[in-house]
Undergrad: 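After the structure tokens below, expect a handful of questions from me.
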Amino acid sequence: MLLNEQEILRREKREKLMGMGIDPYPAEMFDINTSAKEIEDKYTSDSDDFKNVRLAGRLMSFRIMGSASFAELQDSSGRIQIYLRRDDICPDEDKTLYNTVFKKLLDIGDIIGVEGYCFTTQTGEKSVHVTSFKILNKSLKALPVVKTDEDGNIHDGFTDPEMRYRRRYVDLIVNPQNREIFKKRAKVISTMRTFFDAQGWLEVETPILQPIHGGAAARPFKTHHNTLDMPLYMRIANELYLKRLIVGGFDGVYEFGKMFRNEGMDRTHNPEFTALEFYVAYKDYEWMMGITEQIFEKVALAVHGDTSFKFGDTTLNFSGPFTRLSIIEAIEQYTGVNVDTSTEDELRAKCKEWGMEIDNSMGKAKLIDEIFGEKVEANLIQPTFIIDYPVEMSPLTKKHRSKPGLVERFELFVMGKEVANAYSELNDPIDQRERFEDQLKLAERGDEEAMVMDEDFLRSLEYGMPPTSGIGIGIDRLTMLLTDNTSIQEVLFFPQMRPEKKVEMAKVSDYEEIGVPAVWVPALQKMGFMTIASLKEANANKVFNDLGGMRKKLKIDEKLPAKELVESWIND
RNA sequence: GAUUCCGUAGCUCAGCUGGUAGAGCAAUACACUUUUAAUGUAUGGGUCCUGGGUUCGAGCCCCAGCGGGAUCACCA
């Protein structure tokens, strides 16, 4: 591995510490009795507490002024200034611990534990006067240094999304405000969990590896089980398993789980995402809308302390009741077209008139869905229930109690995006089988997202499932809304990305094999010969000459190898 | 998948019409006992994403590729 200057220096400092008998990676624990935030919140100049504090964290900046220094220590709660004075750290003649260890061998990013007492500086900043410190970890890579001035302007921000996602740990260190997103995300989940548990519903886990990928219209990831010698799919939904549990006699079950869909990636789609699904027996979708309103209200209150909050320039209001529009009403409202009374041909003509891309395989239901997506969705800013969908688009949903051709389904839209999908669950096993058969026909026509017949699920329905309502809520999208983010990558710790390109690099022993002494390997690498093959293609004269330059540059004491030797590396 | 923009020091970014590659921070050295984006002085640091091409000469122009962002299409 090629190291840059700062990485080499930090490795040298690590060695020096070890040489002085200081273990830069001590095994024993460092007990703390306070945190940066606790001092910030509770310490006052006249308080009797905080006379003997111990805390630990990462050094984020130094302000050294001769025999006294200030530094900033960042722990999980925040930052606190620490103050070190040479003669406090080193009361005796030997000033090494301050002059050498602290001033020379510590860097930004190192983790230390300190002991001391709190005080307030002349400029009024609460600080810890350090009486002793202990190195807990020597950091070997330089952190980006992000600075914020007194007006709150950020200088040299670590903002490149690629770097931030690929090295999320660095992002979380230097942009600690981004940790808040994930705390809020956790809050969303814990708030829901508390609510569901209070209802007496059971948190369950169902298979992620499924022999049949059911429960949604999507393309799955396929894998293979060696012992069973059979294909398995990463789940695209857990719906069919949760319903089996309702058949089994649980009145309410819920699962927070990862779903996997082998489809496009962009700022609202990641190949794996988290969904909450829950199913409650003896309920219908009307009831579910009420519960959904309660859930959204609760999470908004938990995260913001208020049911309304800002998303970009928009103020969203999560207090119910939310607007309810049937998909037919919604389309009429935003286009003036009544899709209910229109024929398939009329709709197709309208779509062409609006410049939409459609093809002849699309039936009326699909056209309605397309029109909705094109003309209505983006207008649904405040939480809005769109209800009563055409039966063809909803193979797992119970037929509407009074509207023929429709099903009892709703989707909840916020900021033009679907965040929840729910229905009165279809529990007539004969009807369900027919719906699956319709899906099979779609699959035969080449629809890669069509659902697959699940005989075991049908068998469970034949034993009898009580009338049930179920819902799926996208946790990532909900978190985006609640944290004012327009990109799903921001609310996932580790969004999926292409792997980093690995630079092909020969090992030192590979160079030695062709006769290159190990001391010259860094020079050759610095010159760009990362592989033996590339070295073999080089011009021996040029390599010999450049080696002279590199010898000086890298301060290699060894005598320059003979030209014949260099030639032998390349030609033999 | 399509369109478009971007890739330069450890980090954030300049770089003119094609003519020896720059700044701030970080690093190194020195000074400094209450600073706070600490300061002052000095020093080191580059595969200009990769590979071709044009040219006397390419960070810059052309082609291809890799990676990322944004917009659009499909999906939650």
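The chains referred to below are lettered A, B, ... by the order of the sequence lines, with proteins before strands, and numbering in each begins at 1.
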Undergrad: CZ of A:R86 versus P of B:rU34: gap in Å, rounded?
TA: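 Distance, rounded to whole Å: 13 Å.
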Undergrad: List, with names and distances, any nitrogen or oxygen atoms from the protein found under 3.5 Å away from nitrogen or oxygen atoms belonging to nucleotides 70-73 of chain B.
TA:
unit_1 : atom_1 : unit_2 : atom_2 : d
B:rU71 : OP2    : A:R267 : NH1    : 3.4

Undergrad: Check A:R79 with A:E72, please: is the shortest side-chain N to carboxylate O separation under 4.0 Å?
TA: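 Looking at A:E72 and A:R79, the cut-off is met.
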Undergrad: Rounding to the closest angstrom, what is the interatomic distance between B:rA37 and B:rU12 at atom C1'?
TA: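 Result for the C1' pair: 14 Å, nearest Å.
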Undergrad: Within the 4.0 Å limit for protein heavy atoms, which parts of nucleotides 23-32 of chain B are touched? Write it as a string from 5' to 3', B for base, S for sugar-phosphate only, - for none.
TA: -BSBSSSS-B
Undergrad: Between B:rU47 and B:rU8, how far apart are the two P atoms, rounded to whole Å?
TA: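 The answer is 12 Å between these two P atoms.
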Undergrad: Which residues pass the side-chain hydrogen bond (donor to acceptor under 3.5 Å, both in side chains) test with A:R409, not counting sequence neighbours?
TA: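 Residues passing side-chain hydrogen bond (donor to acceptor under 3.5 Å, both in side chains) with A:R409: A:S394, A:E411, A:N421.
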Undergrad: Once you round it to whole Å, what is the distance between C1' of B:rC11 and CE of A:M60?
TA: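 Nearest whole value for this atom pair: 12 Å.
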Undergrad: How far apart are the C-alpha atoms of A:D75 and A:R58, what are their side-chain angles, what is the distance that settles it, and do they pass the salt bridge (Lys or Arg N to Asp or Glu O under 4.0 Å) test?
TA: CA-CA 6 Å; A:D75 66 15; A:R58 202 181 282 275; over 6 Å; no
Undergrad: With a 6.0 Å cut-off on ring centres, are A:F322 and A:F385 close enough?
TA: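 A:F322 vs A:F385: aromatic centres under 6.0 Å.
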Undergrad: For the C1' atoms, the ones on B:rU39 and on B:rU33, what distance do you get once it is rounded to whole angstrom?
TA: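 It comes out at 15 Å once rounded to the nearest Å.
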Undergrad: Less than 6.0 Å separating the ring centroids of A:F278 and A:Y254?
TA: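 Between A:Y254 and A:F278, which both carry aromatic rings, the centre distance is not below 6.0 Å.
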Undergrad: Looking at B:rU33, B:rC13, B:rC11, which one has an atom nearest to any side-chain atom of A:P144?
TA: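 Selected nucleotide (nearest to the side chain): B:rC11.
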Undergrad: Not counting sequence neighbours, which residues clear side-chain contact (heavy atoms from CB on, under 4.5 Å) with A:R168? List them please.
TA: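 Counting only residues at least two positions away or on another chain, A:R168 forms a side-chain contact (heavy atoms from CB on, under 4.5 Å) with A:R164, A:Y165, A:D171, A:L172, A:F182, A:E490, A:F493, A:F494, A:P495.
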Undergrad: Using the C1' atoms only, state how far B:rC11 lies from B:rA73, rounded to an integer number of Å.
TA: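 Pairwise C1' distance, B:rA73 against B:rC11, rounds to 37 Å.
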Undergrad: Under a 3.5 Å cut-off for both distances, is B:rG57 Watson-Crick or wobble paired, and to whom?
TA: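 Across any shown strand, B:rG57 pairs with none.
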Undergrad: At under 4.0 Å, does any side-chain N or O of A:R63 touch on OP1 or OP2 of B:rA38?
TA: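 For B:rA38, OP1 or OP2 has a side-chain N or O of A:R63 closer than 4.0 Å.
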Undergrad: Suppose we define a pair by two distances each less than 3.5 Å, Watson-Crick or G-U wobble; what does B:rU35 pair with here?
TA: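 Pairing partner, where one exists within any strand: none, as none qualifies.
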Undergrad: Only counting residues at least two apart or in another chain, list the ones meeting side-chain hydrogen bond (donor to acceptor under 3.5 Å, both in side chains) with A:R185.
TA: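 Applying side-chain hydrogen bond (donor to acceptor under 3.5 Å, both in side chains) to A:R185 gives A:T274, A:D476.
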Undergrad: If we take the C1' atom in both B:rC60 and B:rG45, what is their distance in whole Å?
TA: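 Looking at atom C1' only, B:rC60 and B:rG45 are 23 Å apart.
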Undergrad: Counting only Watson-Crick or G-U wobble pairs whose two distances fall under 3.5 Å, which nucleotide matches B:rC25?
TA: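 Pair assignment: B:rC25 / B:rG10.
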Undergrad: Who pairs with A:E255 by side-chain hydrogen bond (donor to acceptor under 3.5 Å, both in side chains), at least two apart in sequence or on another chain?
TA: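 With sequence neighbours excluded, A:E255 shows a side-chain hydrogen bond (donor to acceptor under 3.5 Å, both in side chains) to A:T206, A:R235, A:N238, given in chain and number order.
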Undergrad: If the condition is side-chain contact (heavy atoms from CB on, under 4.5 Å), which residues does A:A217 pass it with, not counting sequence neighbours?
TA: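 For A:A217 the side-chain contact (heavy atoms from CB on, under 4.5 Å) partners, ignoring immediate neighbours, are A:E449.
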Undergrad: Who are the side-chain contact (heavy atoms from CB on, under 4.5 Å) partners of A:R85, not counting sequence neighbours?
TA: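 Listed in chain order: A:A68, A:Y83, A:D88, A:H129.
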Undergrad: For B:rA70, what is the paired nucleotide under Watson-Crick or G-U wobble rules, both distances under 3.5 Å?
TA: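 Matched B:rA70 with B:rU3 under the 3.5 Å cut-off.
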Undergrad: Once you round it to whole Å, what is the distance between C1' of B:rU33 and CG of A:D87?
TA: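 Atom CG in A:D87 sits about 9 Å away from atom C1' in B:rU33.
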Undergrad: Base, sugar-phosphate, or nothing: which does A:N262 touch, judged by heavy atoms less than 4.0 Å apart?
TA: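 No contact.
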Undergrad: So what's B:rC30 paired with, Watson-Crick or G-U wobble, going by both distances under 3.5 Å?
TA: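 Across any shown strand, B:rC30 pairs with B:rG40.
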Undergrad: Tell me the partner of B:rA64, counting only Watson-Crick (N1-N3 plus N6-O4 or O6-N4) or G-U wobble (N1-O2 and O6-N3) with both under 3.5 Å; none if nothing fits.
TA: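 Answer to the pairing question: B:rU50, which forms a Watson-Crick or G-U pair with B:rA64.
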Undergrad: On a whole-Å scale, what distance lies between the P atoms belonging to B:rA23 and B:rC61?
TA: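 It comes out at 23 Å once rounded to the nearest Å.
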Undergrad: Take the protein atom CZ of A:F273 and the nucleotide atom C1' of B:rC74, then report the distance between them rounded to whole Å.
TA: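 After rounding, the gap between these two atoms is 14 Å.
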Undergrad: So, taking the atom named CG in A:N99 and the one named CG in A:D94, what distance separates them when rounded to the nearest 0.5 Å?
TA: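 The CG atom of A:D94 is 9.0 Å from CG of A:N99, to the nearest 0.5 Å.
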Undergrad: Please state how far atom CD in A:Q122 lies from atom P in B:rU34, giving the value in whole angstrom units.
TA: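 Nearest whole value for this atom pair: 7 Å.
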Undergrad: Taking atom C1' in both B:rA21 and B:rC30, what distance in whole Å separates the two?
TA: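 One C1' to the other, the span is 29 Å.
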Undergrad: Could you pull out all residues at least two apart from A:Q382 that satisfy side-chain contact (heavy atoms from CB on, under 4.5 Å)?
TA: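 Testing A:Q382 for side-chain contact (heavy atoms from CB on, under 4.5 Å), a comparison that skips the adjacent residues, returns A:T314, A:L316, A:N317.
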Undergrad: Counting side-chain heavy atoms from CB outward, which of B:rU33, B:rG67, B:rU12 is closest to A:T159?
TA: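 It is B:rU12.
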Undergrad: Say you pick atom C1' in B:rU17 and the same atom in B:rC49; how far apart are they, in whole Å?
TA: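 To the nearest whole Å, 26 Å.
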Undergrad: Just the rounded figure in Å: distance from C1' of B:rU34 to CZ of A:F119.
TA: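 So the two atoms are 7 Å apart, to the nearest Å.
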Undergrad: Grab the CE-P distance between A:M163 and B:rG10 for me, whole Å please.
TA: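 About 10 Å, once rounded to whole Å.
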Undergrad: Going by purine N1 to pyrimidine N3 plus the second Watson-Crick contact, or the G-U wobble pair, all under 3.5 Å, which nucleotide sits opposite B:rC16?
TA: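 Its partner is none (no Watson-Crick or G-U wobble pair with both distances under 3.5 Å).
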Undergrad: Tell me the interatomic distance from A:R166, atom CZ, to B:rG67, atom P, rounded to whole angstroms.
TA: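 Rounding to the nearest Å, CZ of A:R166 and P of B:rG67 are 9 Å apart.
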Undergrad: Hey, which of these two, A:D476 or A:M497, hits RNA chain B nearer its 5' end, going by closest nucleotide?
TA: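 Result of the comparison: A:M497.
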Undergrad: For a quick check of understanding: with a heavy-atom distance under 4.0 Å over all strands, which category does A:Q81 fall into, base, sugar-phosphate or nothing?
TA: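 Touches a base.
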